[in-house]
Amino acid sequence: MDLFDSLPIEQTGLTAEQEIKALREELAEQNYKYYVLSAPTMSDREFDEKMHRLQELEAKHPELFDPNSPTQKVGSDIGKIDSFPRIKHRYPMLSLANTYSREEVEDWVRKLPAGVEIVAELKYDGLSISLWYEKGKLIHAVTRGDGTEGDDVLPNIRTIAAIPQQLSGAPDRLELRGEVLLPWERFEALNKQREEQEEPLFANPRNAASGTLKLQDSREVARRGLTCYLYYMLGEQLPGKTHSERLELARQWGFPVSEAIKVCKDVDEVMAFIAFWDTERKNLPVATDGIVLKVNNLAEQEELGYTAKSPRWAIAYKFAAERQLTLLKQITYQVGRTGVVTPVANLEPVQLSGTMVQRATLHNEDFIRQLGIAEGDRVYVEKGGEIIPKIVGKEETEITNDKLQITNYKFPKVCPECGTELVRVEGEAAWRCPNEVSCPPQLKGKLEHFVSRKAMNIEGLGSETIALLYDKGLLHSIADIYDLRQEDLATQERLGEKSAQNILQAIEASKQVPWTRVLFALGIRMVGETTAKKIAKRFRSIDALQWASKEELMGIEDVGEQIADNIVAYFADLRNLEIITRLQAAGVQLEDVRSQTSEVNLPQVLEGKTIVISGTFSEHSRDEYKQMIEDYGGKNSGSVSKKTDFILAGENMGPAKLDKARELGIKLLSEQEFLEMIQG
């Protein structure tokens with residue numbers, strides 16, 4: 001239920017001034033969470049409804065006008081990217097007026113001058129960007145900011161293969177505006193990785209794209225695979241008299257412009273476009289949340305003009321997120337490998353966006369209290385622009401003005417798996433089971449993480465096999481893996497002699513996994529794959545890392561106080577030191593086998609080159625080749641584009657990449673040719 005539910009003032013119990021003040025404060029807070037933190041706690045529709053309510057009240061009470069009201073200002077992302085330079089926009093970067101009503105769209109169209117053409121486009125749900133070109137060269141990439149100035153994130157934008165760095169045949173001075181996006185496939189992979197690390201999940205691709213664009217490490221930005229669609233051109237004396245003509249020119253100059261654009265002659269064509277994409281958008285590789293309508297003729301755009309925060313010649317129709325009402329049957333609790341206890345809603349099955357939803361995460365105790373939900377309630381579940389089903393509220397019978405609907409809900413005080421008393425660290429929302437030694441889900445989770453592909457890559461030890469060996473008493477720590485014998489494995493159900501041999505071979509091969517990945521595999525809380533690389537580069541062995549001070553650790557990029565505390569605590573635990581001793585005795589690489597100066601002395605023969613790896617290899621693993629490419633100055637890429645310099649091609653190279661390489665004329669290097677290249 002909305003805070004005020006668009007009720008007359010006398011029914012809310014507030015005066016007009018009180019309601020306006022409350023709405024302004026709430027919307028300003030949500031703008032900050034959306035633009036700066038990339039972690040909104042309110043749905044787009046609820047936000048828009050409250051904004052419309054505020055606009056309605058302010059129109060009725062002009063004496064309460066405030067230039068700082070959210071109705072008068074564009075939401076700002078300034079403050080989220082402190083290390084990037086601030087740049088003033090050449091032209092104000094405004095937001096669009098929006099509606100969820102097709103009737104309001106029809107009214108907007110009919111109020112336009114007779115005969116006006118309208119361009120209908122998809123509204124991509126990403127992060128706004130303004131690209132500045134001078135004499136054909138990309139010189140700035142500026143975020144929306146507060147609409148007047150934004151942050152120049154050019155180093156991160158350069159990682160997006162779809163955006164041209166150099167133009168040919170374009171005007172000397174040019175500005176293109178568009179949306180930076182994270183495709184669904186990349187979004188799912190990123191969230192899966194974060195889930196494995198028990199990091200907070202991104203609610204949707206828009207938040208993930210925003211969080212990615214603010215990263216300080218452009219290599220990590222490149223790995224995440226952002227893309228972009230551009231939708232507006234600005235500049236002086238540009239060719240083309242209509243918006244559609246300029247979009248076509250931009251496409252010819254190499255800019256990524258969507259094909260889902262239609263010039264409409266009347267309201268019927270507009271409504272047909274909306275109806276088509278309301279369904280078809282679900283088949284797109286990126287997130288969309290509506291349709292944008294723009295007057296096509298540029299002179300007519302200027303004549304119609306602007307309001308304080310929006311152009312009058314454009315409007316956005318937003319698709320409603322799909323929402324269903326269902327029964328919350330039970331709240332259960334899952335324990336992760338780091339001990340975090342996560343509440344899960346078990347629901348009466350309900351169909352959303354073509355899938356049957358029976359479970360949804362409830363995140364933590366604060367989230368449940370904020371929603372005011374309990375077992376037996378009928379709750380609203382949403383899955384529109386969100387891939388992850390989420391509970392957004394409950395069926396209400398009473399009006400409340402409280403932001404937090406506090407209930408008598410009690411979070412468990414002991415671990416549901418081992419009975420240990422839970423703890424809650426100050427400043428964190430999660431309850432945690434501190435029993436790392438004998439809490440079954442934590443032990444199994446640590447084992448599964450250790451053997452995973454990006455860690456020790458021990459094939460054959462999947463979750464079912466680990467659970468089996470754990471139950472049989474053969475695995476209780478990661479060091480136990482290196483004590484497994486043929487007879488231990490071959491006699492187990494579903495394994496046999498051949499499977500046992502394969503597992504033991506994979507265990508033996510894992511002893512060659514480099515120190516960087518071993519550090520990640522140890523599962524130190526909050527030390528993810530990227531952070532482990534940076535730590536391993538600074539401390540070349542487990543012995544050096546063990547004696548590192550908190551201050552030394554915090555001197556490493558991306559290692560904050562929490563991560564430093566977790567590392568210090570890990571090495572202060574004698575049980576962990578015993579495991580490390582056993583891993584060393586087993587022959588696991590707990591130090592960088594290269595000399596301390598080898599990285600400095602390596603010839604940077606791949607400097608400036610973008611390389612794609614595809615296929616399987618005999619001399620080294622794919623991850624080892626990726627590390628070599630970085631060590632020799634090159635840049636890894638997951639997709640083939642015109643910016644790819646060559647492909648390191650192994651056996652069974654992917655057919656799609658092979659076809660793309662042939663189409664673009666990109667050279668293929670064999671494993672031996674690549675090794676000869678880097679060895680001079």
Side-chain angles (χ1 to χ4, degrees), residues 188-201 332-342 344 359 361 415-418 420 430 432-484 488-489 492-495 499-500 502-511 513-514 516-532 566 570 573 575-576 579-580 582-583 586 588-590 621-623:
E188 290 173 335
L190 177 60
N191 258 355
K192 183 178 180 182
Q193 180 183 343
R194 292 174 72 85
E195 186 176 25
E196 289 170 354
Q197 298 306 311
E198 294 194 355
E199 298 174 354
L201 301 185
T332 54
Y333 301 87
Q334 290 182 338
V335 183
R337 72 174 175 84
T338 62
V340 171
V341 180
T342 303
V344 177
R359 288 159 59 87
T361 179
C415 175
E417 295 285 347
C418 68
T420 303
R432 190 182 300 278
C433 172
N435 180 17
E436 297 181 30
V437 179
S438 56
C439 182
Q442 292 191 63
L443 291 174
K444 293 179 201 174
K446 291 180 192 301
L447 288 162
E448 289 176 20
H449 171 74
F450 185 80
V451 304
S452 63
R453 185 176 62 83
K454 291 190 175 182
M456 303 303 286
N457 193 26
I458 302 177
E459 292 186 11
L461 285 182
S463 57
E464 288 186 8
T465 304
I466 284 173
L468 174 66
L469 297 177
Y470 174 86
D471 292 340
K472 296 293 185 181
L474 293 170
L475 287 183
H476 282 97
S477 78
I478 57 177
D480 291 339
I481 291 171
Y482 295 92
D483 292 335
L484 290 172
D488 294 331
L489 298 169
Q492 302 303 322
E493 184 182 356
R494 302 190 308 274
L495 290 182
S499 294
N502 292 339
I503 290 171
L504 290 174
Q505 287 173 4
I507 291 171
E508 187 63 28
S510 74
K511 295 176 184 179
V513 167
T516 294
R517 282 170 52 198
V518 176
L519 175 57
F520 169 60
L522 292 178
I524 301 173
R525 190 169 157 240
M526 297 177 70
V527 177
E529 184 184 5
T530 302
T531 305
N566 292 340
Y570 179 88
D573 191 322
R575 294 166 298 192
N576 292 330
I579 287 172
I580 289 168
R582 291 176 63 194
L583 292 176
V588 174
Q589 290 193 32
L590 289 166
S621 70
R622 288 167 64 97
D623 286 336

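Both backbone and side-chain heavy atoms feed into the values below; hydrogens, waters and symmetry mates do not.
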Handout entry: Distance-minimising heavy-atom pair for Val335 and Gln442
Key = CG1-CG, 4.1 Å
Practice task
First locate atom CG of Leu447, then atom CZ of Arg337, and finally report the distance between them rounded to the nearest 0.5 Å.
Solution key: 11.0 Å
Exercise for the section: Report the distance from atom CD1 of Ile458 to atom CG of Leu484, rounding to the nearest 0.5 Å. Expected result: 9.0 Å
Problem - Listed partners of Glu508 passing side-chain hydrogen bond (donor to acceptor under 3.5 Å, both in side chains), at least two apart - result: Lys511
Handout entry: Counterpart residues, salt bridge (charged side-chain N to carboxylate O under 4.0 Å, His left out), relative to Arg494 (two or more places apart)
Key = none
Practice task
Decide yes or no for Ile507 and Val451: does some side-chain heavy atom of the first lie under 4.5 Å from some side-chain heavy atom of the second?
Solution key: no
May I have the list of side-chain donor-acceptor pairs in residues 472-481 shorter than 3.5 Å, sequence neighbours left out?
from, atom 1, to, atom 2, distance (Å)
Ser477, OG, Ala479, N, 3.3
Asp480, OD1, Arg582, NH1, 3.2
Asp480, OD1, Arg582, NH2, 2.8
Asp480, OD2, His476, N, 2.7
Asp480, OD2, Ser477, N, 3.0

Exercise for the section: Enumerate the residue pairs fulfilling salt bridge (Lys or Arg N to Asp or Glu O under 4.0 Å) with a member in residues 448-468, sequence neighbours excluded, ordered by first and then second residue. Expected result: Lys454-Glu529
Practice task
Would you please name every residue forming a side-chain hydrogen bond (donor to acceptor under 3.5 Å, both in side chains) with Asp471, sequence neighbours left out?
Solution key: none
Fill in the blank from the handout: Closest non-hydrogen contact found for Lys444 with Ile466 is O-CG2, 4.3 Å
Exercise for the section: Would you give the length of the straight line joining atom CG of Leu583 to atom CE of Met456, rounded to the nearest 0.5 angstrom? Expected result: 7.5 Å
Exercise for the section: To the nearest 0.5 Å, tell me how far Ser499 OG sits from Leu504 CG. Expected result: 11.0 Å
Practice task
Could you tell me which non-hydrogen atom of Tyr482 sits nearest to which non-hydrogen atom of Ala586, and how far apart they are?
Solution key: CB-CB, 3.7 Å
Name each donor-acceptor pair under 3.5 Å that joins a side chain in residues 516-528 to protein atoms two or more places apart or in another chain, with its distance.
from, atom 1, to, atom 2, distance (Å)
Arg517, NE, Ala455, O, 3.0
Arg517, NH2, Ala455, O, 2.9
Arg525, NH2, Glu428, OE1, 3.0
Arg525, NH2, Glu428, OE2, 2.8

Problem - Closest contact, heavy atoms only, Thr465 versus Gly460 - result: OG1-O, 3.5 Å
Fill in the blank from the handout: Cys433 and Val341 have their tightest heavy-atom pair at N-CG2, 4.4 Å
Exercise for the section: Give the minimum heavy-atom separation between Asp488 and Asp483, together with the two atoms involved. Expected result: OD2-O, 4.1 Å
Fill in the blank from the handout: Between the CG atom in Leu461 and the CG atom in Leu468, the distance rounded to the nearest 0.5 Å is 10.5 Å
